[in-house]
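Below you'll find the structure, written out as structure tokens, and then a few comments.
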Amino acid sequence: MEAFRDPGYREPVARLAAMDRDGVDAEVLYSEVSAFRAFGLVKGDWKPISRAFTDLMAEFASVDPKRLVVSYQVPIIDIDYAVSEVLRLADLGARSVHLPNFPSEIGLPDYHEPIYKPAVGRAPGDRISISHHLGNRHWLYDVFRRDPRPDGDLHVTPCAGVGRGVRVVDPQPGRSSGSPG
């Protein structure tokens, strides 16, 4: 609870000062608001709300975008909107978008379904990564079992920041990358 009281929780300059104090070069910022679940409940047009939320995060990070790296939440309840938003964010310099871990949790098809191909196929992979924030569920392996592809593309890849380095650990044996320490 102490972090909620720190001015860096709400103010980007204070956030950078806290990062300096703690010896952190850069942070990937995930919103704690799980808007994915809420957008489908909005009566009327939810897209301006999504855009305003994204723009507010961009404004926060604009103080120092090399150190404050936002993983922007992109709702997938409208694939055409998701594609346009990912492309818009890439043009604004975003390096990461955050998609829901488990679309089936909000009544949508799993990621191996063809409905997502336009979104994944259009994401500018050289400029922006598609991310999932940590959030395991006991039924995660049911998602893998439903994937009809023999080698399945879905891999849960947790990221852990340690001091001044970030290491990406892939649960597939022998695969990892990053710059530890």
Side-chain angles (χ1 to χ4, degrees), residues 1-42 45-77 81-103 105-106 119 123-137 140 155-171 176-181:
M1 296 306 271
E2 184 179 324
F4 296 120
R5 289 188 284 269
D6 189 295
Y9 185 74
R10 292 169 297 286
E11 302 165 15
V13 173
R15 178 64 156 252
L16 293 167
M19 290 166 57
D20 290 340
R21 177 192 67 218
D22 296 338
V24 175
D25 287 336
E27 287 186 355
V28 177
L29 304 172
Y30 289 91
S31 169
E32 64 189 56
V33 176
S34 188
F36 306 124
R37 290 175 184 86
F39 286 128
L41 303 174
V42 172
D45 192 3
W46 53 267
K47 294 171 188 165
I49 300 166
S50 172
R51 175 75 51 97
F53 183 74
T54 301
D55 290 346
L56 182 65
M57 297 292 288
E59 182 181 320
F60 186 92
S62 71
V63 172
D64 190 342
K66 290 185 186 237
R67 296 187 67 199
L68 299 172
V69 180
V70 175
S71 191
Y72 296 93
Q73 287 190 22
V74 175
I76 58 173
I77 57 177
Y81 174 81
V83 170
S84 69
E85 189 65 356
V86 168
L87 295 174
R88 181 183 83 87
L89 289 167
D91 287 344
L92 293 175
R95 295 186 280 171
S96 176
V97 295
H98 172 198
L99 301 180
N101 290 356
F102 311 104
E105 185 177 60
I106 54 175
D126 60 332
R127 294 182 287 154
I128 197 164
S129 68
I130 297 175
S131 173
H132 300 279
H133 193 248
L134 298 178
N136 276 337
R137 302 284 190 269
L140 173 62
H155 302 290
V156 176
T157 308
C159 296
V162 180
R164 294 188 178 271
V166 173
R167 184 168 184 82
V168 178
V169 181
D170 192 316
S176 68
S177 64
S179 56

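Below, each value reflects all heavy atoms present in this structure, side chains not excepted, and no hydrogens, waters or symmetry copies. When a residue number appears, it is its place in the shown sequence, counting from 1.
When all heavy atoms of Ala82 and Ile76 are compared, the pair lying nearest together is CB-CA, 4.5 Å.
Among residues at least two apart or in separate chains, there is no salt bridge (charged side-chain N to carboxylate O under 4.0 Å, His left out) pair with a member in residues 92-102.
For Arg10, the salt bridge (charged side-chain N to carboxylate O under 4.0 Å, His left out) test picks out no residue, with sequence neighbours left out. Shown here are the side-chain hydrogen bond (donor to acceptor under 3.5 Å, both in side chains) partners of Ser96, two or more places apart in sequence or in another chain: Ser71. Judged as a salt bridge (charged side-chain N to carboxylate O under 4.0 Å, His left out), and not counting sequence neighbours, the contacts of Arg88 are Asp55, Glu85. In this structure Met19 satisfies the side chain to side chain contact (heavy atoms under 4.5 Å, CB included) test together with Arg15, Leu16, Val24, Glu27, Arg67, Leu68, sequence neighbours excluded. For Ile49, the side chain to side chain contact (heavy atoms under 4.5 Å, CB included) partners are Phe39, Val42, not counting sequence neighbours.
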Validation: residues 58-66 side-chain donor-acceptor distances under 3.5 Å, sequence neighbours left out:
from, atom 1, to, atom 2, distance (Å)
Ser62, OG, Glu59, O, 2.7
Asp64, OD1, Lys66, N, 3.4

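In this structure, NE2 in His98 is found 6.5 Å from OH in Tyr30, a value given to the nearest 0.5 Å.
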### Query
side chain to side chain contact (heavy atoms under 4.5 Å, CB included) between Leu89 and Met57: does it pass, once the steps are laid out?
CA-CA 11 Å; Leu89 289 167; Met57 297 292 288; over 6 Å; no

